[in-house]
Chemist: 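Below are the structure tokens for one structure; questions will follow.
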Protein chains: 2
Amino acid sequence: MTNIFEIAQKAKVSRTTVSRVLNNHPYVKADKRDAVLQAIKELHYVPNFNAVHLSKGKTNIIGVMVPKIDHPFFSQLIAGIGDACNRHGYSLLLHQSNNDSNQELEFFNKLKYKLVDGLILGSTISPPHVLDEMAIYGKIISCEVSESKSIASVFIDHESGLQLALDHLREQGHQHIGLCIGNAKSGVGINRKQSFFNYQQKYQLRWHADWYFDGKYTIEDGIQVARQLFSLPDRPTAMVVGSDYVAAGIIYEARKQGVRVPDSLAVTGFDNQPISKVVELSTIHQPIKELGNTAADLLYNLIHSHDVPSTNKLNLSFIKRNST
Amino acid sequence: MTNIFEIAQKAKVSRTTVSRVLNNHPYVKADKRDAVLQAIKELHYVPNFNAVHLSKGKTNIIGVMVPKIDHPFFSQLIAGIGDACNRHGYSLLLHQSNNDSNQELEFFNKLKYKLVDGLILGSTISPPHVLDEMAIYGKIISCEVSESKSIASVFIDHESGLQLALDHLREQGHQHIGLCIGNAKSGVGINRKQSFFNYQQKYQLRWHADWYFDGKYTIEDGIQVARQLFSLPDRPTAMVVGSDYVAAGIIYEARKQGVRVPDSLAVTGFDNQPISKVVELSTIHQPIKELGNTAADLLYNLIHSHDVPSTNKLNLSFIKRNST
DNA sequence: TTAACGTATGGTACGCGTTTCAGAGCAACC
DNA sequence: GGTTGCTCTGAAACGCGTACCATACGTTAA
């Protein structure tokens, strides 16, 4: 393989000058520049980025970790980050952790070992002290609320999102509202549950333990939830659901059983996935791509030693369709 | 930053021995090994992977390119590749091309510049000669049919998949069948189009140029397609659609306009995405994660100089629901 | 006229770990 | 006793590009 030394010889200049040409340094006279470019062409020179990275001490790569790549939330998040990377000329190293702490450590090592200039955490199960330890090796951005003081975060304000849905349902006259969420133990889950019950107390809505479901993620789950709901003697007039897919399952089953939506049961979803349009589901739009974009921009600024706010909230919006 | 030289000094051995310890080389006596490990611990030594990569001439990173990360097909593909990477101890560098040829070249350079050991192309618009040029710099696997002789491919057998759908429609008595696909210039697009028209000729199905659509990807696109279809004086009795989302859009609009599915228009989708269940769409199930897995395994074998078959087909299955 | 500054170029150290080669020590085998 | 072969260790070269410092020349300002 040819390297800059051979180019330098052929063009009768020093390696330094070759490097200057490659990096568009202004202090190179036109004739030398041309000679170098000519030599590069004739010898089919290809630079070796590993040498560049070693020498410069940075790679222009950022690491992104998510539990599951093919979850719609995370794939949109990654897409947003990917756009920002293309904009900034960064590459994206992606790691699927499956919520496994060993996999997470594996990923953190990429920063430690200087493979990446910074990290974006889509979601993590590692405790704050692990993150604090890693923050000494480079910049880290979390895309969820984080207890660690040493890393900045950007996240979607789920509490206000839930309020949007509940306000809307109350305006429509609903007083009996059920809740259906995904993982009750995740940060998002705890947050949503808490916000829901706070709201309920504040407005003294009626409540029944049968109106609560968790661990629901899929359309199938939604169908199950609907079956349970429809067998209740005393059922809610509206359901707030933490996932468009689950909500779609509920609507699907309602239609099948002849339960009219929204007259007999109003349903709201979460995420504004494409599916929500098809089943005419009122839902809460999360700016997920924007979340990814913002995370990448923040990281970019941090890497270039600009200050950024340590917590950044993004707002949601309620999208009214025919399910409420 | 401490490096192996300092470790060597502290442990009173040579850099070579330190390197041997780090790489678990067997020919190191226990006492020296312990001394090195002790020094590493005391000095908080962290290896620099950029130096390792430069020295070894490889990075254990593979590059993955897709047009759009948050398209369900590609996010599942990436997830499959990600699983395989975790299995093999490889990292994954992800690039979103947006079907832009400059972005594709940008990505190919990662291989040229030795940033990655090999490439997986989710889908590409680059002509075969570009791929051939790149293949001299490293191993490349395509996840769609490729005209390039120099790269191996693994793909889902769209021809037989399309046949499944068409056979089914013919059995139902359909003779007027339209086609709607995504990118007509991608390998998949060319393949599907070709297969469709071959089939059509073979069974002498009627045909009209208005029954063909391409560049359709989203639910919105499907709605547009439906509107155009329904305004035709002479329209097909069935549509074969290359995406569940587009198909869902068609069904959505049909329902809205009171066109009965499948009586007035039968529709088949592609992918068996969750949405197809909700709209009761007959569709073709693709083993997408397996595709990603296989692609990564093939690349792994190629990188380790094992031979692999140059073309690998995966089979599909037809899922009958109520849209046909 | 001289100091000061901008332009242009090269020498060399630096970033850091791996690998090849040479050699020493020691055991086993003929 | 001599040869063969394995275990263990280190010196030095190698992979490759960047950045700092020194230097030389031309120009402008004082």
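Note that this is a predicted model, so its numbers are computed, not measured. Throughout, protein chains are lettered first and strands after them, A, B, ... in sequence-line order, and every chain is numbered starting at 1. Every heavy atom of this structure was used, including side-chain atoms; hydrogens, water molecules and symmetry mates were not.
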Chemist: Who passes side-chain contact (heavy atoms from CB on, under 4.5 Å) against A:Ser101, sequence neighbours left out?
Modeler: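 Per chain and number, A:Ser101 pairs via side-chain contact (heavy atoms from CB on, under 4.5 Å) with A:Ile125.
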Chemist: If you walk 5' to 3' along DNA chain C, what is the first nucleotide with an atom under 4.0 Å of a heavy atom in chain A, and what is the last?
Modeler: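 Footprint of chain A along DNA chain C, 5' to 3': C:dT7 to C:dC16.
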Chemist: Would you kindly compare A:Tyr27 and A:Val13 by the position of their nearest DNA chain C nucleotide and give the one closer to the 5′ end?
Modeler: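 Its nearest nucleotide being more 5', the pick is A:Tyr27.
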Chemist: Based on the rotation axes of five pairs at each end, what angle does the helix from C:dT1-D:dA30 to C:dC30-D:dG1 bend through, to 10°?
Modeler: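 Computed angle between terminal axes is 40°.
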Chemist: Hey, are B:Arg33 and B:Asp31 close enough for a salt bridge, meaning a charged N less than 4.0 Å from a carboxylate O?
Modeler: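 Answer for the salt bridge query: no.
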Chemist: Give me each pair satisfying ring-ring contact (aromatic ring centres under 6.0 Å, His included) with a member in residues 116-156 of chain A, each pair once, sequence neighbours excluded.
Modeler: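 Listed by first then second residue: nothing to list.
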Chemist: Mark yes when over 12 heavy atoms from residues, nucleotides or ligands other than A:Asn23 sit less than 6.0 Å from its CG; otherwise mark no.
Modeler: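 More than 12 within 6.0 Å, yes.
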Chemist: For DNA chain D, which residues of residues 44-55 of chain B approach it to below 4.0 angstrom with any heavy atom?
Modeler: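 Within this stretch, B:Ala51, B:Leu54, B:Ser55 sit under 4.0 Å of the strand.
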Chemist: Pull out every residue in residues 107-117 of chain B that has a heavy atom closer than 4.0 Å to any atom of DNA chain C, ordered by number, or say none.
Modeler: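 Going residue by residue through residues 107-117 of chain B, none turns out to have a heavy atom under 4.0 Å of DNA chain C.
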Chemist: Quick one: label B:Val18 by what it contacts on the DNA or RNA (base, sugar-phosphate, nothing), any heavy atom closer than 4.0 Å.
Modeler: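 No contact.
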Chemist: Classify B:Thr17 by what it touches in the nucleic acid, base, sugar-phosphate, or nothing, heavy-atom distance under 4.0 Å.
Modeler: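 The residue B:Thr17 makes sugar-phosphate contact but no base contact.
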Chemist: For D:dT18, does OP1 or OP2 lie under 4.0 Å from any side-chain N or O of A:Ser19?
Modeler: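 So the side-chain polar atoms of A:Ser19 do come within 4.0 Å of the phosphate oxygens OP1 or OP2 of D:dT18, strictly under.
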